[in-house]
Amino acid sequence: MRKKLLSAVLIAGMMLSLSSCAKKSQEVISDMAGSDDTLTVYAWDDNFNIPALKAAEKDYKQVNPNFELNIVNMGNSDAIEDAVEDAYKAKDFSSLPDIVLFQDHSIQKYVKAYSGSFMSVEDAIVDWDNLGSDKVSYSVVNGVHYGFPVDSGTTIFAYRVDILKECGYTLEDVTDITWKEFDEIGKDVYQKTGKYLISAIGKDNDLIYMMLQAEGESQFRSGSPFIVGNEKLKEVVETIVQLANDNVLYLAEDWDDYVDNAIGNDMVAGVYDGNWIISAIQQVKANSGKWEITYAPTFTGIPGYASNGGSSLCVTSNCKNSMLAKDFLAYTFGGGSAIDGSSITYDDALLNAGVVGSCVAAAGSDVYTQGVEYFNNQPIYATIVEYSQLVPSVEQSDYHYVCRKYMSQAVLDIIENGTDIDEALATAETEYKKETEPKY
């Protein structure tokens, strides 16, 4: 049986904690009266992150009417990373804004490699436990917090329940199951309808990481790649290969093939990815009411929770009013304004841009708990926040995407070339080390 939404008692407890934080936050704001109330942030994406920042500005103005947020659209995350690199190399951080938006998987790399570029936010008044341990872990370096989460990358497994019904199944039949059971159902669905039950991008295969995290395991151990000898990772790869060979998994050529073809052209009856994939699912208006979500299978059949993607906000060393920056971020994205179970930051970001946050107390609002028509009136957003609290924290690495590249190639080599799995994994680890080890 699927887990119920977080209990009212738990949410009430979170709200009490946040209420205390919010009161302290407002005291901090009053102490800053007369200071410069403008902050500049580098961000990207007019359809996602920037509307979330505008919602946060609106929220913070409720307690600091003079506050202004100057949002600079840098076009993409690479441009922001380049700006940090340039400032560090020049030993001059004056070119940086007060706050920068960073991809979660890049934060640890830049905090470590470009020492002094970012400020610790350890002293911010925020209940970190309220934001999901996995999400927060991406911006923690040596036990110190450096970022505030903007969105939740928590995964969902969405299914076309009309197609499942056509094949004799319900959502319950694909919930609390093993990957082996999933494969059997998927083979039946493909035979009856010609539709795959899952898809992933072949050359950028996030399925490997998500399946592994749901098992509580990582591709890294003590800062080194953990590929050879990682039996759980080997089991993940074996399963992905089996799913592909059984026509249960469609390996897309690229992002466009994944979103526009596999999902947009109804090639699949299931989608497993970070919840940001919801907008891609909803592009097919005719399928409204035909989708529902649950969590992923695992090797044992227990609920599979994972995360994929997402970004966080970091305060740069050039910030002249770090007290204001930290208080703004703590009050908004940190959940400080959610003292009554509702937050302008979280509600408006969801309504205007589909940004699902990770603050458990904010998920008590009417915006989060209402049923979503496209997903057969499931309250999917409150459910996603619930999932976000259950994602296991696993070891992260500065070279997450390098590992993804070589692990994806290993899977393709096995499927397309018949390469032995142990040989493919050994090659992946060797190539990873070649690219990441210092060259003197």
Side-chain angles (χ1 to χ4, degrees), residues 5-32 52 55-56 59-60 62-64 99 104 107 118-154 305 307 310-315 322-350 355-365 367-369 381-393:
L5 292 177
L6 291 173
S7 69
V9 174
L10 176 57
I11 292 179
M14 293 289 188
M15 289 180 187
L16 285 173
S17 175
L18 284 170
S19 178
S20 175
C21 289
K23 289 176 181 177
K24 292 179 182 178
S25 179
Q26 291 181 39
E27 291 171 2
V28 171
I29 293 166
S30 64
D31 290 340
M32 293 186 298
D59 198 1
Y60 199 59
Q62 305 298 304
V63 290
N64 184 352
I99 301 168
D104 285 335
I107 295 174
F118 304 104
M119 290 186 185
S120 160
V121 294
E122 194 66 32
D123 57 342
I125 302 171
V126 60
D127 181 1
W128 298 107
D129 292 336
N130 186 45
L131 302 176
S133 60
D134 170 72
K135 178 66 180 182
V136 171
S137 70
Y138 293 104
S139 56
V140 174
V141 179
N142 296 326
V144 178
H145 290 88
Y146 283 90
F148 292 83
V150 172
D151 60 326
S152 163
T154 303
Y305 303 111
S307 180
S311 58
S312 299
L313 292 159
C314 302
V315 181
S322 60
M323 190 177 181
L324 175 66
K326 294 174 187 179
D327 195 69
F328 160 65
L329 293 171
Y331 185 77
T332 55
F333 294 104
S337 67
I339 57 176
D340 58 354
S342 178
S343 163
I344 292 175
T345 300
Y346 280 78
D347 286 357
D348 282 17
L350 178 57
V355 178
V356 181
S358 59
C359 176
V360 68
S365 73
V367 173
Y368 270 77
T369 57
Y381 298 117
T383 299
I384 290 168
V385 177
E386 177 202 358
Y387 290 175
S388 73
Q389 309 303 307
L390 302 170
V391 177
S393 295

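Source: prediction; values computed, not measured.
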Practice problem: Answer yes or no: is there a donor N or O on one side and an acceptor on the other, between the side chain of Asp104 and the main chain of Ser139, under 3.5 Å? | Solution: no

Exercise. Keeping the roles fixed (side chain from Lys135, backbone from Ser312), state whether a donor-acceptor pair exists under 3.5 Å.
Key: no

Over all atoms of both residues, closest heavy-atom pair of [X] and [Y]:
{"X": "Glu122", "Y": "His145", "answer": "OE1-N, 2.8 Å"}
{"X": "Ser120", "Y": "Val144", "answer": "OG-CG1, 3.2 Å"}
{"X": "Thr369", "Y": "Ala363", "answer": "CG2-O, 3.4 Å"}
{"X": "Gly357", "Y": "Val385", "answer": "O-CG2, 3.5 Å"}
{"X": "Ala55", "Y": "Ala349", "answer": "CB-N, 3.9 Å"}

Hey, what do you get for [atom1] ([X]) to [atom2] ([Y]), rounding to the nearest 0.5 Å?
{"X": "Asp123", "Y": "Asp327", "atom1": "CG", "atom2": "CG", "answer": "10.5 Å"}
{"X": "Gln389", "Y": "Ser152", "atom1": "CD", "atom2": "OG", "answer": "8.5 Å"}
{"X": "Ile99", "Y": "Met119", "atom1": "CD1", "atom2": "CE", "answer": "10.5 Å"}
{"X": "Leu131", "Y": "Ser137", "atom1": "CG", "atom2": "OG", "answer": "12.0 Å"}

Practice problem: For the pair Phe328 and Tyr60, name the ring-plane relationship: parallel under 30°, tilted 30 to 60°, perpendicular over 60°. | Solution: perpendicular

Quiz prompt | Stepwise side-chain contact (heavy atoms from CB on, under 4.5 Å) check, Phe118 with Ile107 | solution = CA-CA 10 Å; Phe118 304 104; Ile107 295 174; over 6 Å; no

Using a 4.5 Å cut-off on heavy atoms from C-beta on, say whether the side chain of [Y] contacts that of [X].
{"X": "Thr345", "Y": "Phe333", "answer": "yes"}
{"X": "Leu329", "Y": "Val315", "answer": "yes"}
{"X": "Tyr346", "Y": "Ser365", "answer": "no"}
{"X": "Asp134", "Y": "Pro392", "answer": "no"}
{"X": "Asn64", "Y": "Tyr331", "answer": "no"}
{"X": "Val121", "Y": "Val126", "answer": "no"}
{"X": "Ser342", "Y": "Asp347", "answer": "yes"}
{"X": "Tyr146", "Y": "Tyr138", "answer": "no"}

Self-check item: Trace of the side-chain contact (heavy atoms from CB on, under 4.5 Å) decision for Ile384 with Tyr368
Solution: CA-CA 10 Å; Ile384 290 168; Tyr368 270 77; over 6 Å; no

Practice problem: Walk me through it: do Ser343 and Asp59 pass the test side-chain contact (heavy atoms from CB on, under 4.5 Å)? | Solution: CA-CA 8 Å; Ser343 163; Asp59 198 1; 3.4 Å; yes

